[in-house]
2 protein chains.
Amino acid sequence: MSRVVAERQDVIATLAEVFREHGYDGASLSLITEKTGLGKGSLYHFFPRGKEEMAEAVLGDIATWFQTNIFDPLRSGETPAAAIDDMFTAVDSYFRQGRRLCLMGVIAASGAHDRFSVELNRYFADWRTALAEALDRQGTAESERQALAEEVIGGIQGALILARSLDDPQAFGRVLSRLKARCRSSQN
Amino acid sequence: MSRVVAERQDVIATLAEVFREHGYDGASLSLITEKTGLGKGSLYHFFPRGKEEMAEAVLGDIATWFQTNIFDPLRSGETPAAAIDDMFTAVDSYFRQGRRLCLMGVIAASGAHDRFSVELNRYFADWRTALAEALDRQGTAESERQALAEEVIGGIQGALILARSLDDPQAFGRVLSRLKARCRSSQN
DNA sequence: TAAAGAATTTACCGATTGGTACAGTCATGC
DNA sequence: GCATGACTGTACCAATCGGTAAATTCTTTA
């Protein structure tokens, strides 16, 4: 593994934090410089196309993480019901029990939405597909699958915003457990 | 009604659009100038504290609208079940069948969150209280009220983000009708 | 109709924006 | 130990940022 790939990867985690906390427009290069400890020279060495490429890298990184840790297990899990339970556990952990926003949601709710519409579309569509398939395998009615998957994925996004706005991270957990119960009771 | 109040009110609707579509940081004064047709001089005449006061005015306007058209009817409606149904109808209409984002959510998901935390908190807390009370009056179990209210309000926010990200406004309506059914079936 | 004040236009400010250029430093492999 | 290329620091750029100031125009009212 070359040094390039390793260091670039280190930076991406910090970039993700900055974008998550300040949004795309709010994440200025000076702020990014400060938080990453990298000067503009280094930043533009790793991301020649600048801020947009930084955000693309972060979104790609997140997409990969979800693919690996959420979507794939939903498909490959032996017992789909357990796989769905695991999804909720992973989600709760990833979003730090409601104290962390979803960067995909942050971008979707921002003016930068158009710039990353492809990434956003793929993220949510993949999640919906993976969850709907798991629901299918656990015996959820066909008419229910897609709609329930949308309700759950949207519910997670909304719960994050709600928890932050109410300054009550626990609201996230409360909604999560209700959504989980909903998936469970849709079995046949 | 003086001309001041009337014209200021006209501007607020356009300001709301700009903030909704571009976010707080993305809504530059030049963009605001362009969309409102008002020069900086006029803008600063109406909103001496600048952009922040413009956003405050918009958020205040939205809060009033929801208080009047959503929260109050939830409390005063003769039959609570019908009042809740009306809420979903009004929400679907306000958010243009999923083609319009919620500015409160947009701000909550942005770096400007801290600046308007009071407004955000009040909006969501008021909504939760009003809905929980209506659920109470329609006989929803006490243990359910608050949690169901949170699920519904969060669900609406999330559905807006989902619909925009999937580029499928109808996803909003699908989630809405499920949430409505949930409220209905929680009656006693 | 003239005074008062509301509203607008215009020019301007310093600071910051994202981005570029490039010389210099550093580690690594031959 | 030297050449190569990855990496960094610094200086710089035009454009735009949010905001200010003041002269001017338009409306309202007495």
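What you see is a predicted model; the values in this text were computed from it and never measured.
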Quiz item: If you fit an axis to the five pairs at each end of the helix from C:dT1-D:dA30 to C:dC30-D:dG1, how big is the angle between those two axes, to 10 degrees?
Solution: 10°
Exercise. Check for a donor-acceptor pair, side chain of A:Arg8 on one end and backbone N or O of A:Phe46 on the other, with a separation under 3.5 Å.
Key: yes
Quiz item: Given atom CZ of A:Arg8 and atom P of D:dT8, what is their separation to the nearest angstrom?
Solution: 14 Å
Practice problem: Remember a base hit wins even if backbone is also touched, and classify B:Gly41 as base, sugar-phosphate or nothing at under 4.0 Å, heavy atoms. | Solution: base
Practice problem: Look at the aromatic rings of B:Phe66 and B:Tyr94 and report parallel, tilted or perpendicular, splitting at 30° and 60°. | Solution: perpendicular
Practice problem: Name the closest nucleotide to the A:His45 side chain, picking from C:dA7, D:dA6, D:dT20. | Solution: D:dA6
Quiz item: Picking from C:dG19, D:dG18, D:dT8, which would you name as closest to the side chain of A:Leu38?
Solution: D:dT8
Quiz item: Taking the side chain of A:Lys40 as its heavy atoms from C-beta onward, which of C:dG19, C:dT8, D:dC17 lies nearest to it?
Solution: C:dG19
Exercise. Could you check how far CE of B:Met54 sits from C1' of D:dC17, rounded to whole Å?
Key: 13 Å
Self-check item: Pairing of B:Glu150 and A:Arg178 as salt bridge, 4.0 angstrom limit
Solution: no
Self-check item: Gap between atoms CZ and C1', on A:Phe46 and D:dA6 respectively (whole Å)
Solution: 8 Å
Exercise. Send over the distance from B:Leu43 CG to C:dT9 P, rounded to a whole Å.
Key: 11 Å
Practice problem: Spell out, as yes or no, whether a donor-acceptor pair under 3.5 Å connects the side chain of B:Ser110 to the backbone of B:Ala112. | Solution: yes
Quiz item: To the nearest angstrom, how far is B:Leu29 atom CG from C:dA15 atom C1'?
Solution: 14 Å
Quiz item: Is B:Ser28 touching bases, backbone alone, or none of the nucleic acid, heavy atoms closer than 4.0 Å?
Solution: sugar-phosphate
Quiz prompt | Close side-chain approach of B:Lys35 to B:Glu17, heavy-atom, < 4.5 Å | solution = no
Self-check item: d(OH, B:Tyr24; P, D:dG18) in whole Å
Solution: 9 Å
Self-check item: Interatomic distance, B:Asp25 CG vs D:dT16 P [rounded to whole Å]
Solution: 18 Å
Quiz prompt | Per A:Ser30 side chain, nearest of listed nucleotides C:dG18, C:dT17, C:dA6 | solution = C:dT17
Practice problem: With DNA chain C as reference, determine whether A:Leu31 or A:Pro48 sits nearer its 5' end, using the nearest nucleotide of each. | Solution: A:Leu31
Practice problem: Return the nearest nucleotide to the side chain of B:Tyr44; candidates are D:dT8, D:dT20, C:dT8. | Solution: D:dT20
Self-check item: Short N-O contact, A:Lys180 and A:Asp92, less than 4.0 angstrom
Solution: no
Quiz item: Could you give the CD-to-P distance, from A:Glu34 to C:dT17, as a whole number of Å?
Solution: 11 Å
Practice problem: Return the set of residues passing salt bridge (Lys or Arg N to Asp or Glu O under 4.0 Å) with B:Asp85 (not counting sequence neighbours), or none when no residue passes. | Solution: B:Arg184
